[in-house]
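Sequence lines set the chain letters: A, B, ... in the order given, protein chains first and strands last, and positions in each chain run from 1.
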Amino acid sequence: MIVDNSPNQKSLNFLEEIIQSDLSAGKYKSILTRFPPEPNGYLHIGHAKSICLNFGLGLHFGGKTNLRFDDTNPVTEDTEYVESIKEDIRWLGFQWANEFYASDYFEQIFQFAIKLIENGLAYVDDSTSEEIAMQKGTPTQSGSRNKYSERTVEENLKLFNDMRAGKFKDGEKVLRAKIDMSSSNMLMRDPILYRIKHAHHHRTGNDWCIYPMYDFAHGQSDSLENITHSICTLEFIQHRELYDWCINKLAIFPSQQFEFARLNISYTVMSKRKLLELVNENYVNGWDDPRMPTISGLRRRGYTPVSIRDFCEKIGVAKRENLIDVGLLEFCVREHLNKIAERRMVVFDPIKVVITNYEVATQNEESLFLTTENNPEDPHAGSRKISFGKEIFIERNDFMENPPKKYFRLAPGQMVRLKSAFIIKCDEVIKNEHGEITELRCTYFPESKSGSDVSGLQVKGTIHWVNANENIAIEVREYDRLFKVENPAKEEGDFKTYINIDSLKTVKGFAEKSLNEVSSNERFQFLRKGFYCLDKDSSKDKLIFNRTVTLKDGWAKDAKKN
RNA sequence: UGACCCAUGGUGUAAUGGUAGCACUACAGAUUUUGAUUCUGUCUGUUAAGGUUCGAAUCCUUAUGGGUCAACCA
């Protein structure tokens with residue numbers, strides 16, 4: 001068989017195959033998907049997978065995608081979350097065809113319940129939740145019905161209306177479907193359809209005091225919107241039987257549910273509950289802490305929508321459990337940022353270098369500035385001026401007094417190129433009384449100027465630098481993985497015991513002056529260091545940058561091995 | 001010890017009865033005024049045992065391993 005890997009013949013994932021065959025079989029003229037978040041928390045990268053999937057499928061097959069908030073539990077939901085979710089989806093680059101809420105359908109869903117009651121398929125149960133749990137049986141033992149299940153249609157109708165009318169307290173009664181107490185699927189053992197909650201709902205206010213359960217709202221909402229393919233995660237597989245049962249008994253548009261494996265990423269957690277815990281217990285500074293796997297955290301960290309979409313594309317979609325190496329996410333953001341980020345020079349841990357033969361007095365204003373390209377990957381990015389001088393800073397680890405073989409940077413008697421400037425040679429090492437290096441005396445080669453090098457000198461290494469007297473001090477926040485173990489959720493005990501307490505380091509940096517005029521959505525590569533962006537905590541007097549991701553460092557890796 | 005879902009290199013994901021491919025990672029080399037990028041190459045895989053077939057990652061059986069289900073959460 002010939003394998004064709006050209007983009008237009010790319011193999012389809014299992015969902016695309018289903019849709020493809022549904023479409024070619026004429027089952028639907030066009031498809032409609034939906035992204036159904038519950039507004040009770042912020043979206044994370046796992047949701048991004050679902051968003052890319054649902055919206056991507058819509059786009060790919062010329063269909064549409066709705067945004068529907070699954071807001072059937074008023075006690076945990078809030079408009080703050082609604083707004084953040086909408087912002088995140090837009091930021092990722094997707095547009096929904098319609099903005100809907102499950103709460104829009106409360107009246108309709110209530111009528112569905114009435115219909116089930118009338119058909120003898122639902123009853124009002126006065127049992128406590130403990131009693132219901134007891135009667136439910138176990139996976140190996142079937143459950144049993146109680147006396148309430150024998151209520152007449154009239155009685156059930158009256159009671160259910162009384163529930164709606166607010167005649168009962170929370171927990172006093174529930175509406176249950178009458179299905180099969182001995183089903184091997186626990187969800188089919190007379191599942192609860194409605195419960196009483198005298199709570200304020202973020203949209204319907206105090207109109208309702210009974211709210212439908214997920215299983216009695218989701219499928220109906222899909223159906224009412226004519227969703228063709230309702231895509232959810234694996235843990236809902238067992239729910240599909242109930243999903244189909246409701247649609248079938250109600251004889252409404254047959255939306256169909258399909259399940260895929262949720263995203264897991266190494267060294268982090270991906271459950272709203274756990275993320276909420278990290279936020280509430282101040283292990284991180286809010287939902288948008290750059291260490292969080294939330295969309296807002298990644299955004300603040302400097303990730304781009306392109307890189308996240310690309311990541312979601314690369315991880316694929318299937319039905320098996322998976323744990324994606326966080327390195328893949330980092331690869332995706334490096335790949336994008338490398339193309340778009342302008343380069344700047346910042347020295348983090350400086351040593352002063354005095355260029356002994358550089359005569360400032362004889363230089364004119366012009367020659368104090370050198371030109372350097374903004375982005376070698378993008379010719380259109382142009383160039384900028386950088387200030388040179390007799391005293392400069394270089395990175396402390398770009399000098400070694402006793403260098404190993406193949407050390408290409410500065411060392412006594414050795415030469416190195418200063419990026420976009422000159423080749424220098426180290427003549428002398430100055431130390432203080434503790435033996436610490438305080439200064440390097442170097443000579444430079446005027447003919448070796450970048451772009452017009454006629455010195456004939458050959459050097460292996462090029463290092464970054466800043467003018468020691470012309471720079472700005474910045475703060476940089478360096479992030480590491482939030483957890484010390486690959487899969488915190490799988491470890492023994494409380495996942496929080498595996499938190500990496502060193503996941504945030506704040507360091508100082510000396511930056512070239514051009515960094516003074518930056519906007520918050522610009523991304524930069526600090527040469528030979530990594531990718532950075534301005535943090536929202538910045539002020540005019542104090543620039544704070546987030547490190548999005550480091551550059552790959554082959555030298556550091558080799559050094560580690562030896 | 002019931003039901004359901006799943007099993008392809010280190011990690012993901014293709015191959016839909018006919019050459020096990022792609023990406024990331026790792027390793028080696030070339031290029032490089034970022035030890036980055038880019039480029040080239042290499043290593044590593046069908047959970048096991050039976051069966052069907054000219055031919056099985058693919059179909060069947062069993063085993064093994066992993067996951068899910070007993071919330072008035074979604």
Side-chain angles (χ1 to χ4, degrees), chain A residues 1-3 5 10-13 17 36-38 40 70-73 75-77 125 127-129 132-134 136-143 170-176 183-187 189 192-197 211 213-215 217-218 232 234-241 259 261 266 272-273 313-325 327-332 334-335 338-339 343 345 372-373 376-377 406-409 416-421 423 448 450-451 453 459-464 525-530 550-559:
Chain A
M1 200 191 113
I2 294 160
V3 178
N5 285 315
K10 222 184 102 202
S11 62
L12 303 177
N13 66 46
E17 274 182 12
E38 184 189 11
N40 68 345
D70 224 337
D71 55 351
T72 57
N73 185 3
V75 299
T76 58
E77 294 155 7
D125 192 330
S127 307
T128 63
S129 66
I132 289 177
M134 286 292 285
K136 207 149 204 177
T138 68
T140 52
Q141 284 174 290
S142 60
D170 287 11
E172 222 175 303
K173 286 181 167 48
V174 291
L175 181 74
R176 288 228 255 171
S183 170
S184 56
N185 182 350
M186 299 295 289
L187 283 160
R189 324 246 266 223
I192 293 170
L193 268 21
Y194 265 92
R195 76 286 215 194
I196 300 169
K197 275 181 196 281
Y211 293 92
M213 297 287 290
Y214 166 85
D215 287 304
H218 200 96
C232 61
L234 252 29
E235 63 267 31
F236 289 97
I237 286 182
Q238 279 89 347
H239 293 252
R240 191 175 59 226
E241 194 178 354
E259 310 85 11
S266 59
K272 267 198 232 176
R273 201 208 86 227
E313 178 69 28
K314 281 190 161 71
I315 58 176
V317 51
K319 297 186 77 161
R320 61 189 97 109
E321 289 290 320
N322 59 79
L323 181 64
I324 308 281
D325 189 338
L328 183 62
L329 220 209
E330 293 175 345
F331 168 82
C332 291
R334 280 195 194 102
E335 189 179 45
N338 180 50
K339 289 186 197 125
R343 317 285 130 127
M345 291 203 280
T372 187
E373 74 275 15
E377 305 287 325
K406 292 204 174 173
Y407 184 77
F408 301 149
R409 286 113 92 156
V416 77
R417 172 169 294 279
L418 298 173
K419 171 69 183 172
S420 296
I423 292 173
S448 68
S450 285
D453 186 346
V459 291
K460 291 282 254 183
T462 298
I463 62 174
H464 62 281
Q525 182 193 112
F526 293 171
L527 224 61
R528 302 206 303 137
K529 287 293 180 180
T550 61
L551 254 32
K552 277 211 281 187
D553 190 345
W555 169 253
K557 209 162 59 179
D558 285 353

For A:R240 and B:C4, is the shortest distance between a side-chain N/O and OP1 or OP2 below 4.0 Å?
no
Practice problem: Could you work out the separation of B:G45 and B:G10 based on their P atoms and round it to a whole Å? | Solution: 7 Å
Hey, does A:R343 have a side-chain heavy atom less than 4.5 Å from the side chain of A:E373?
no
* Can A:S127 and A:D125 be counted as having a side-chain donor-acceptor contact under 3.5 angstrom? -> yes
Under 4.0 angstrom between A:K314 side-chain N/O and B:G12 OP1 or OP2: no
- Message: Parallel, tilted or perpendicular: which one describes the rings of A:Y214 and A:F236, with boundaries at 30° and 60°?
- Response: tilted
**Message:** By a 5.5 angstrom centroid cut-off and a 30 degree plane limit, is there stacking between A:Y214 and B:A74?
**Reply:** no
- Query: Between B:U33 and A:K460, is there an OP1 or OP2 to side-chain N/O distance shorter than 4.0 Å?
  - Reply: no
Compare all side-chain heavy atoms of A:Q525 with those of A:L551 and state whether any distance is below 4.5 angstrom. yes
Spell out yes or no: do the side chain of A:R409 and the base of B:G35 have one donor N/O and one acceptor N/O closer than 3.5 Å?
-> yes
With rounding to the closest Å, how many angstrom separate the C1' atoms on B:U13 and B:G29?
28 Å
Scanning all shown strands, the Watson-Crick or wobble mate of B:U1 with both distances under 3.5 Å is none
Is there a side-chain contact between A:R409 and A:W555, using heavy atoms and a 4.5 Å cut-off?
yes
As its Watson-Crick or G-U partner within any shown strand, both distances under 3.5 Å, B:A48 has B:U62
Any strand, both distances under 3.5 Å, Watson-Crick or G-U wobble: B:G35 pairs with none
For B:A71, the nucleotide meeting Watson-Crick or G-U wobble distances (both under 3.5 Å) is none
Contact under 4.0 Å: A:R176 side-chain N or O vs B:C72 OP1/OP2
no
Taking atom types as they are modelled, is there a donor-acceptor pair under 3.5 Å from the base of B:U33 to the side chain of A:R417? yes
*Please evaluate the base of B:U68 for a donor-acceptor partner in the side chain of A:E235 within a cut-off of under 3.5 Å?*
no
- Query: Is the shortest side-chain N/O distance from A:R334 to OP1 or OP2 of B:U38 below 4.0 Å?
  - Reply: no
Query raised in the report: Just checking A:P376: base, sugar-phosphate only, or nothing, at a heavy-atom cut-off of under 4.0 Å?
Result: base
Say you pick atom C1' in B:U44 and the same atom in B:U11; how far apart are they, in whole Å?
12 Å
Answer for the Watson-Crick or wobble partner of B:A23, both distances under 3.5 Å, is B:U11
Mind checking if A:K272 touches a base, just sugar-phosphate, or nothing, with heavy atoms under 4.0 Å? nothing
Taken to the nearest 0.5 Å, the spacing of A:E259 CD from A:H239 NE2 works out to 10.0 Å
Heavy-atom nearest nucleotide on RNA chain B taken for A:F331 and for A:V459; more 5' hit belongs to A:F331
When both distances are under 3.5 Å in a Watson-Crick or G-U wobble arrangement, the nucleotide paired with B:G55 is none
* Just call it for A:D553: base, sugar-phosphate, or nothing, with non-hydrogen atoms closer than 4.0 Å on any strand. => sugar-phosphate
Judged by nearest nucleotide, the residue sitting upstream toward the 5' end of RNA chain B, A:Y407 or A:P36, is A:Y407
